[in-house]
Amino acid sequence: MATTSSHPKEEVKKKKKKEGLGWIEWARGWLYLVYEMLFQRITASHLQNPMPLPPVNDLTCIVTGSTSGIGREIARQLAEAGAHVVMAVRNTKAANELIQKWQNEWTGMGLPLNIEVMELDLLYLDSVVRFAEAWNARLGPLHVLINNAGIFSIGEPQKLSKDGYEEHLQVNHLAPALLSVLLLPSLIRGSPSRIINLNSVMHYVGFVDTEDMNVVSGKRKYTSLVGYSSSKLAQIMFSSVLHKRLPAESGITVACVSPGIVQTNVARDLPKIVQAAYHLIPYFIFSAQEGSRSALFAATDPQVPEYCELLKADDWPVCAFISQDCRPTNPSEEAHNVETSHEVWEKTFEMIGLPLDAVERLIEGEEVACRYGGHKE
């Protein structure tokens, strides 16, 4: 009789691993995308543009990828509202030119904008570590980290970074994950603080195979759409586990946001029905300023941390996900897969060169060594 107790475990092991979205999930994801495209302007019609911000004079905010698009709007609006903004960018010359332009245009209270530039290249994990080390060395508070930078190389062939990772995966998920973890000491000093990840409705058609994160095994045909959508889903899964791992006393909340459909150059790799909808872009697609609203809301609204803690108390499987209309919504069905989320968590730490207990150790004030960050010539 004792032998029967092992059968359930054996059955779990024999259970076939999911290799992709089912056709119903896939179709539902595309329907959601089409709905979002057609109705986002209506569902967000209650929002002002630009979005009025609460007092942020006491906030220090890091915004990655802030020389163009949504990131540029986020950085400018936070700075004009009084925050100390750090533009974490690859092209520091372009960022400094932007700051000069903004300072010249600023007609505020006579005080210059409190904004600075630091170099950060998400295609090199060494750069991420060096940035975090430089910031943490200031021993100052960080109140908001906005992981805005991302890539969608429409129609491009697969490319691997010098670190050996598929470029969408590295820029959209691995590098922001590494940055978020390494900046925990500064976020604790700035408590209550927030990590805001700019995600995408495209994650609804994403699927993560934790045994083939680079999509090189041949099990799935690589396209830029596969690379992008799976990287955005991986970001939500990782964020959900991070959200649960951070104790309430750390004062750090984690949220993912959808800016809506903002970019106008994403049609070439999409199904014909979605390409057809793009012909209506002038009305349906958001401007960068409109696309920045959900991130600014998540970064500054006083109720967001309360909502995040409520989800944690309810043991909800995913972190807060704020839609383009600045309302909480549910990410995809696949994002709720707790087992895969934990696999993504473990695989991510392996790929970014940190020990699996790095979050707990950093919260306790210990130092953690990363495989990357060596100051190479």
Side-chain angles (χ1 to χ4, degrees), residues 20-21 26-27 29-38 40 64-73 89-91 94 121-123 147-163 165-176 197-209 212-216 218 220-236 256-292 294-295 324 331-332 334:
L21 294 181
W26 183 86
W30 281 113
L31 280 172
Y32 185 88
L33 258 74
V34 172
Y35 174 86
E36 185 84 349
M37 180 185 296
L38 296 178
Q40 65 175 8
T64 68
S66 40
T67 53
S68 63
I70 297 170
R72 174 174 169 168
E73 281 296 322
V89 298
R90 184 172 52 180
N91 188 342
D121 188 344
L122 300 182
L123 273 171
N147 287 310
N148 161 78
I151 58 168
F152 190 179
S153 304
I154 302 295
E156 293 289 319
Q158 187 172 25
K159 295 177 189 171
L160 298 182
S161 70
K162 288 192 176 179
D163 298 313
Y165 303 127
E166 194 275 319
E167 287 192 353
H168 290 96
L169 179 70
Q170 175 151 337
V171 174
N172 299 341
H173 167 53
L174 295 177
N197 296 316
L198 264 85
N199 203 262
S200 169
V201 291
M202 299 296 290
H203 87 270
Y204 282 92
V205 292
F207 177 80
V208 179
D209 182 348
D212 185 28
M213 298 275 276
N214 274 338
V215 197
V216 292
R220 287 189 294 164
K221 182 178 183 293
Y222 175 85
T223 64
S224 55
L225 176 62
V226 167
Y228 180 77
S229 60
S230 59
S231 69
K232 288 299 186 180
L233 176 59
Q235 183 185 59
I236 296 178
C256 291
V257 302
S258 168
I261 298 176
V262 181
Q263 310 296 349
T264 58
N265 61 346
V266 298
R268 199 166 58 221
D269 206 28
L270 305 181
K272 293 286 187 288
I273 187 171
V274 183
Q275 290 188 39
Y278 263 81
H279 291 301
L280 302 168
I281 277 173
Y283 175 75
F284 292 108
I285 304 302
F286 280 170
S287 67
Q289 188 176 73
E290 290 168 319
S292 70
S294 55
Q324 44 77 24
S332 70
E334 190 63 22

Could you give the distance from CZ (R72) to OG1 (T67), rounded to the nearest 0.5 Å? 8.5 Å
Interatomic distance, OG1@T223 vs OH@Y228, rounded to 0.5 Å, equals 13.5 Å
For V215 and K221: C-alpha separation, side-chain torsions, deciding distance, then whether side chain to side chain contact (heavy atoms under 4.5 Å, CB included) applies. CA-CA 8 Å; V215 197; K221 182 178 183 293; over 6 Å; no
If the condition is salt bridge (Lys or Arg N to Asp or Glu O under 4.0 Å), which residues does E166 pass it with, not counting sequence neighbours? none
Give the minimum heavy-atom separation between M202 and S229, together with the two atoms involved. O-CB, 3.3 Å
Can you name the nearest heavy-atom pair linking R220 to D212, along with the distance? NH2-O, 4.4 Å
List the steps, then state whether side chain to side chain contact (heavy atoms under 4.5 Å, CB included) holds for L198 with N147. CA-CA 6 Å; L198 264 85; N147 287 310; over 6 Å; no
List for me each residue that meets side-chain hydrogen bond (donor to acceptor under 3.5 Å, both in side chains) alongside S294, sequence neighbours excluded, and say none if there are none. none
Would you compute the distance between atom CH2 of W26 and atom CG of L21 and round it to the nearest 0.5 angstrom? 10.0 Å
Pair D163, Q170: side-chain N/O donor-acceptor within cut-off below 3.5 Å: yes
From CG (L122) to NE2 (H173), nearest 0.5 Å: 13.0 Å
For the student: nearest non-hydrogen atoms of I261 and V201, plus distance: CG1-CG2, 4.0 Å
Candidate pair V208 and M213, rule side chain to side chain contact (heavy atoms under 4.5 Å, CB included), full reasoning: CA-CA 7 Å; V208 179; M213 298 275 276; 3.5 Å; yes
Please enumerate all residues that pass side-chain contact (heavy atoms from CB on, under 4.5 Å) together with S332, with sequence neighbours excluded. H203, Y204, L233, E334, A335
Can you name the closest pair of heavy atoms from I285 and Q40 and give their distance? CA-NE2, 3.8 Å
Rounding to 0.5 Å, atoms CZ (F284) and CG (L38) come to a distance of 5.0 Å
Might you point out which heavy atoms bring V262 and S287 nearest each other, and give the distance in Å? CG1-O, 3.7 Å
Rounded to the nearest 0.5 Å, the CG atom of D209 sits from the CG atom of N214 at a distance of 11.0 Å
I'd like to know whether OH of Y35 has more than 12 heavy-atom contacts from other residues, nucleotides or ligands below 6.0 angstrom. no
Considering all heavy atoms of both residues, which atom of N199 and which atom of Q235 are nearest to each other, and what is their separation? ND2-OE1, 2.7 Å
Audit row: E167, L160, side chain to side chain contact (heavy atoms under 4.5 Å, CB included) steps and yes/no: CA-CA 5 Å; E167 287 192 353; L160 298 182; 6.0 Å; no
